[in-house]
Amino acid sequence: MLALVTAVAVLGAAACGDDGGDSGGQTTPPAQPKIKRDAANAGTRISVGTKNFAEQYVLGEIYAQALGAAGFDVVKRLDLGAEKVAFRALKRGRIDAYPEYTGTALTAFYGLRTQDVPRDKDEAFTRLARELRGDGVVALPPTPFQNTFVVTSTKATAGRLGSPSTISELAESAGSSSSISAFPECRERSDCLLGLKTVYGWTPRFVASEGKFEDLDQGQADFTFGFGTDGELALDKYVTYQDDRGLFPPYHVTFMLRREAAARLGESGRAAIEAIQRPLTEEVMQGLNSEVTLEGKEPEAVARDYLRREGFIR
């Protein structure tokens, strides 16, 4: 009898174990997803926009799908353009919300000099939230991860220059005859090309491009302004240089909404947004980006897989 009871217990435990995961080692989401559909949100429309690069597409999909799971009628208007285009669309009511980076917003929209942006994450967010209120915009609490600029080159370029490790060393060894690529707006931003000149005294030739790593691989530029969560940085091809003089301020993401849209979002919508942000570390975000840029997956699918893996949706 004792042997029979033990056998039954073992079988029961094994059955429970089978329900808890799959052969790939991923955790099976709970039967009840973390985001609950709220009937009160039915018919409430929220339009979500993004800027025009891979991480923004992934984030836009994560926010949009989370709000859809909470019962909102979500309209996606992704790929609006650069930050000033997206912010103008938000203020004019073309979209209700979009994700923006704290340091970018303070320097690009409110004219703060890069050196005047608080280096503390919470202080930078508080300053931005105060500025946004004057434009009728509400900023939700920021993500754990930030996506800061990183000056990047191929390993081969770094080797030719004696393998510098900081931007100060790079500026000295590369000089003004070198070139650096970035999105066109970088030319006029104090936290981008202008910052290299004012903070590091470095004036490389500027190449306006959205190519980043393609520019390096094809020899279009010696360096590029990458982002710290770029998926390509997981490859053993590129080198980044330490910002040893503190040029770059915090770049955590805040989901910004028009004040009227924030009221429509309500507590359940805010709770959904804050919940899906909590697992988004730099490592996680880089992995999501790499699925798009390296593996060719659609941002919509990558976002859905993330939400399912973390148990937010079925």
Side-chain angles (χ1 to χ4, degrees), residues 51-53 55 81-87 100-121 123-124 127-128 131 146-230 232-233 238-252:
K51 296 195 286 185
N52 56 348
F53 53 92
E55 180 168 286
E83 60 270 357
K84 290 186 178 180
V85 176
F87 191 52
E100 186 55 273
Y101 305 88
T102 51
T104 299
L106 285 169
T107 55
F109 307 153
Y110 298 109
L112 266 71
R113 296 182 305 171
T114 301
Q115 60 267 34
D116 294 334
V117 177
R119 264 37 185 186
D120 179 78
K121 166 190 175 182
E123 289 181 19
R127 175 68 184 270
L128 176 59
E131 297 284 359
Q146 69 163 333
N147 191 0
T148 187
F149 286 119
V150 283
V151 175
T152 307
S153 75
T154 63
K155 282 189 170 183
T157 296
R160 287 197 300 271
L161 295 172
S163 299
S165 61
T166 67
I167 300 180
S168 292
E169 295 171 349
L170 179 63
E172 183 177 354
S173 59
S176 59
S177 62
S178 59
S179 59
I180 190 167
S181 73
F183 52 94
E185 294 79 13
C186 174
R187 186 194 301 272
E188 301 174 353
R189 284 177 48 161
S190 61
D191 62 345
C192 206
L193 184 67
L194 293 181
L196 290 183
K197 180 179 180 179
T198 57
V199 176
Y200 287 100
W202 186 27
T203 56
R205 179 174 60 85
F206 182 67
V207 178
S209 170
E210 301 286 353
K212 287 198 296 185
F213 299 95
E214 290 87 349
D215 296 337
L216 301 180
D217 295 340
Q218 297 171 10
Q220 300 300 312
D222 301 308
F223 307 96
T224 193
F225 278 96
F227 297 127
T229 55
D230 282 335
E232 287 85 350
L233 292 179
Y238 306 107
V239 173
T240 61
Y241 302 89
Q242 180 188 351
D243 177 22
D244 54 306
R245 297 185 185 175
L247 165 60
F248 304 122
Y251 293 103
H252 296 82

Side chain to side chain, Arg205 and Ser178, heavy atoms closer than 4.5 Å: no

Donor-acceptor pair between Ser209 and Asp215 side chains, under 3.5 angstrom: yes

Close side-chain approach of Asp191 to Pro249, heavy-atom, < 4.5 Å: yes

Pairing residues for Tyr101 by the ring-ring contact (aromatic ring centres under 6.0 Å, His included) criterion, not counting sequence neighbours: none

Gln242 side chain to Thr166 backbone, donor-acceptor under 3.5 Å: no

Main-chain N/O of Arg187 paired to Arg189 side chain as donor or acceptor, under 3.5 Å: no

Any Tyr238 side-chain heavy atom under 4.5 Å of Glu232 side chain: yes

Interatomic spacing from CZ in Arg113 to CG in Leu106 - rounded to 0.5 Å: 14.0 Å

For Tyr241, ring-ring contact (aromatic ring centres under 6.0 Å, His included) partners two or more places apart: none

Minimum heavy-atom distance Val151-Phe223, with the two atoms named: CG1-CB, 4.4 Å

NZ-CZ distance between Lys84 and Phe109, expressed to the nearest 0.5 angstrom: 8.5 Å

Ala124 to Pro250 - nearest heavy-atom pair and separation: CB-CG, 4.2 Å

Beyond-backbone contact of Thr114 with Leu194, side-chain heavy atoms, under 4.5 angstrom: no

Separation of Gln115 CD from Thr107 OG1 (nearest 0.5 Å): 11.0 Å

Lys155: partners by side-chain contact (heavy atoms from CB on, under 4.5 Å), with sequence neighbours left out: Asp236, Val239

Pair Arg127-Glu131, salt bridge (Lys or Arg N to Asp or Glu O under 4.0 Å): steps then yes or no: CA-CA 6 Å; Arg127 175 68 184 270; Glu131 297 284 359; 3.1 Å; yes

Residues in salt bridge (charged side-chain N to carboxylate O under 4.0 Å, His left out) contact with Glu185, at least two apart in sequence or another chain: none

Contacts of type ring-ring contact (aromatic ring centres under 6.0 Å, His included), residue Phe206, not counting sequence neighbours: none

Qualifying residues under side-chain hydrogen bond (donor to acceptor under 3.5 Å, both in side chains), relative to Arg160, sequence neighbours excluded: Thr157

Residue pairs fulfilling disulfide bond (SG atoms under 2.5 Å apart) with at least one residue in residues 192-221, sequence neighbours excluded: Cys186-Cys192

Partner residues of Glu188 under the side-chain contact (heavy atoms from CB on, under 4.5 Å) criterion, sequence neighbours left out: none

Spatial distance of atom CZ (Phe149) from atom CG (Asp243) [nearest 0.5 Å]: 11.5 Å

Nearest-0.5 Å distance that lies between atom CG in Leu196 and atom CD1 in Ile167: 6.5 Å

Pairing residues for Glu210 by the side-chain contact (heavy atoms from CB on, under 4.5 Å) criterion, not counting sequence neighbours: Asn52, Phe183, Pro184

Candidates Asp230, Thr229, Thr104 - the one meeting side-chain hydrogen bond (donor to acceptor under 3.5 Å, both in side chains) with Asn147: Thr229

Residues which pass ring-ring contact (aromatic ring centres under 6.0 Å, His included) with Tyr200, listed by chain and number, not counting sequence neighbours: none

Whether Phe248 and Phe225 hold their rings parallel, tilted or perpendicular, with breakpoints at 30° and 60°: perpendicular

Inter-residue atom distance Thr224.OG1 - Ile180.CD1, 0.5 Å rounding: 6.5 Å

Side chain proximity check, Lys51 to Glu100, heavy atoms < 4.5 angstrom: yes

Check: Trp202 side chain, Gly175 main-chain N or O, donor-acceptor pair, under 3.5 Å: yes

Under the side-chain contact (heavy atoms from CB on, under 4.5 Å) test, residues paired with Thr240 that sit two or more places apart: Val150, Thr152, Leu233

Residues which pass side-chain hydrogen bond (donor to acceptor under 3.5 Å, both in side chains) with Ser165, listed by chain and number, not counting sequence neighbours: Glu169

Donor on one side chain, acceptor on other, Asp244 and Ser168, under 3.5 Å: yes

Qualifying residue for side-chain hydrogen bond (donor to acceptor under 3.5 Å, both in side chains) with Asp222, from Ser153, Ser177, Ser179: Ser179

